[in-house]
**Q** 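Sharing a structure with you now.
Remember, it's a predicted structure, so these values are computed and weren't measured experimentally.
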Amino acid sequence: MGEGEQVRPLAPVAGRQSSDEGASRHQKKRGMKCCAFTAAIVVILVTAIVAVRFTVFRVKDPIIKMNGVTVSRLELTNGTIPKSGVNISLIADVSVKNPNLASFKYSNTTTTLYYHGQMVGEARNGPGHARPRQTMRMNVSVDIITDRIMSNPSLNVDFISGVLSMNAYTRVPGRMKIVVVKRSIVVEMNCSMALNITTQQIQTQECKQNVDY
């Protein structure tokens, strides 16, 4: 080494280590902040999705109701016995209420009448739809086959009491779409009713609803 050359002192080792440790701590803090921010965004998104799922996307049960039943034809023999060969005609006022934000589209509806477990009449209505948060009403005409009632062993007891006890089963299959959610829904209603032979009016009726998805 020449006399004119200067010797440069080496950088202190402790100073370099302190600088590296400071940079490493800074990077760790930034990483933790990014993770916390990402986690917060994920929590917010999940909360929003769950809230929408149970509010907007939640499918509520359509409500079917038997508003009333009217006897449109009932011919009697001696004022007490239905005339053989002449059907009894009933008109049922049925409503379907849609409490959802989407339309409920239903296909052919079926109403079946039973007399002490024996089917005595059936009616079919065409397809339709109940608009969002609205009620759709329909008149269902059912012809009761009198000869089937006349052959039923329970008829004598009912004629003595002056009341015909019957059951009606209505089935409304349909589909509902809320944004991307599609649900197939079947609304069913079972009604028990008593037809007063003398007044030709429905004396009592009681209905229960069931919804299947």
**Q** Evaluate the side-chain proximity of I144 to I149: yes if any heavy-atom separation is below 4.5 Å, no if none is.
**A** yes
**Q** Within this structure, what is the OG1-CG distance for the pair T110 and N125, rounded to the nearest 0.5 Å?
**A**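 Those atoms lie 9.0 Å apart.
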**Q** Using every non-hydrogen atom in the two residues, find where M189 and C191 come nearest and quote the distance to one decimal.
**A**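 In terms of heavy atoms, the two residues are closest at CG-SG, 3.7 Å.
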**Q** Which pair of heavy atoms, one from P62 and one from M176, lies closest together, and at what distance?
**A**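 Looks like CG-CE, 4.5 Å.
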**Q** Measure across P132 and A102 and return the closest heavy-atom pair with its distance rounded to 0.1 Å.
**A** CG-C, 3.8 Å
**Q** Are any non-hydrogen side-chain atoms of N210 and K208 less than 4.5 angstrom apart?
**A**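 Sidechains of K208 and N210: no contact.
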**Q** Is any side-chain heavy atom of Q201 closer than 4.5 Å to a side-chain heavy atom of V71?
**A**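 No. Closest side-chain heavy atoms not under 4.5 Å.
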**Q** Can you tell me how far apart CG (N196) and CD (Q203) are? Round to the nearest 0.5 Å.
**A** 5.0 Å
**Q** How far apart are the closest heavy atoms of I64 and E188, and which atoms are they?
**A** CG2-O, 4.1 Å
**Q** Determine whether T111 and Y169 satisfy the following criterion, side-chain contact (heavy atoms from CB on, under 4.5 Å), listing intermediate values before the conclusion.
**A** CA-CA 6 Å; T111 299; Y169 169 73; over 6 Å; no
**Q** Got I91 and V69 here, is their nearest side-chain heavy-atom distance under 4.5 Å?
**A** no
**Q** Got Y106 and M136 here, is their nearest side-chain heavy-atom distance under 4.5 Å?
**A** yes
**Q** Locate the shortest heavy-atom distance separating G68 from Q205; write the atom from each residue and the value.
**A** CA-OE1, 4.2 Å
**Q** Could you please spell out the steps behind the side-chain contact (heavy atoms from CB on, under 4.5 Å) verdict for M193 and T204?
**A** CA-CA 5 Å; M193 60 186 72; T204 59; over 6 Å; no
**Q** Quick check for you: to the nearest 0.5 Å, what is the distance between I185 atom CD1 and K60 atom NZ?
**A** 13.0 Å
**Q** Verify the cluster assignment for I88 and Y114: are they in a single hydrophobic cluster under the rule of side-chain heavy atoms below 4.5 Å apart?
**A**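 No: no chain of side-chain contacts under 4.5 Å links I88 to Y114.
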**Q** Is there a donor in the side chain of N98 and an acceptor in the side chain of H129, or the other way round, less than 3.5 Å apart?
**A** no
**Q** Minimum heavy-atom separation for E122 to V142, with atom names?
**A** N-CG1, 4.0 Å
**Q** Is it true that atom CZ of R124 has more than 12 heavy atoms of other residues, nucleotides or ligands lying nearer than 6.0 Å?
**A**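 No, the 6.0 Å shell around CZ holds no more than 12 heavy atoms from other groups.
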**Q** Could you tell me whether the side chain of R148 reaches within less than 4.5 Å of the side chain of M119, counting heavy atoms only?
**A**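 They are in contact (side-chain heavy atoms under 4.5 Å apart), so the answer is yes.
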**Q** Report the C-alpha distance between Y115 and L164 in whole Å, list the side-chain angles of each, state the deciding distance to 0.1 Å, and finish with yes or no for side-chain contact (heavy atoms from CB on, under 4.5 Å).
**A** CA-CA 8 Å; Y115 178 66; L164 292 178; 3.9 Å; yes
**Q** How long is the gap from NZ on K65 to CZ on R137, to the nearest 0.5 Å?
**A** 8.5 Å
**Q** Atom CG in N67, atom CG in D93: separation rounded to 0.5 Å?
**A**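 Atom-to-atom, N67:CG and D93:CG are 4.5 Å apart.
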**Q** Do P127 and N108 come within less than 4.5 Å of each other through their side chains, counting heavy atoms only?
**A** yes
**Q** Are N167 and S192 close enough, and set up right, to give a side chain to side chain donor-acceptor pair (under 3.5 Å), and what steps lead you there?
**A** CA-CA 4 Å; N167 294 90; S192 59; 4.8 Å; no
**Q** Are V163 and V157 connected in the hydrophobic side-chain network, where two residues link if heavy atoms are under 4.5 Å apart?
**A**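 Hydrophobic grouping puts V163 apart from V157.
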**Q** When you compare the side chain of F159 with that of L155, does any pair of heavy atoms fall below 4.5 Å?
**A**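 The answer is yes; the side chains approach within 4.5 Å.
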**Q** Between Y213 and V186, is a side-chain contact (heavy atoms from CB on, under 4.5 Å) present by the stated rule, with each step listed?
**A** CA-CA 6 Å; Y213 292 92; V186 178; over 6 Å; no
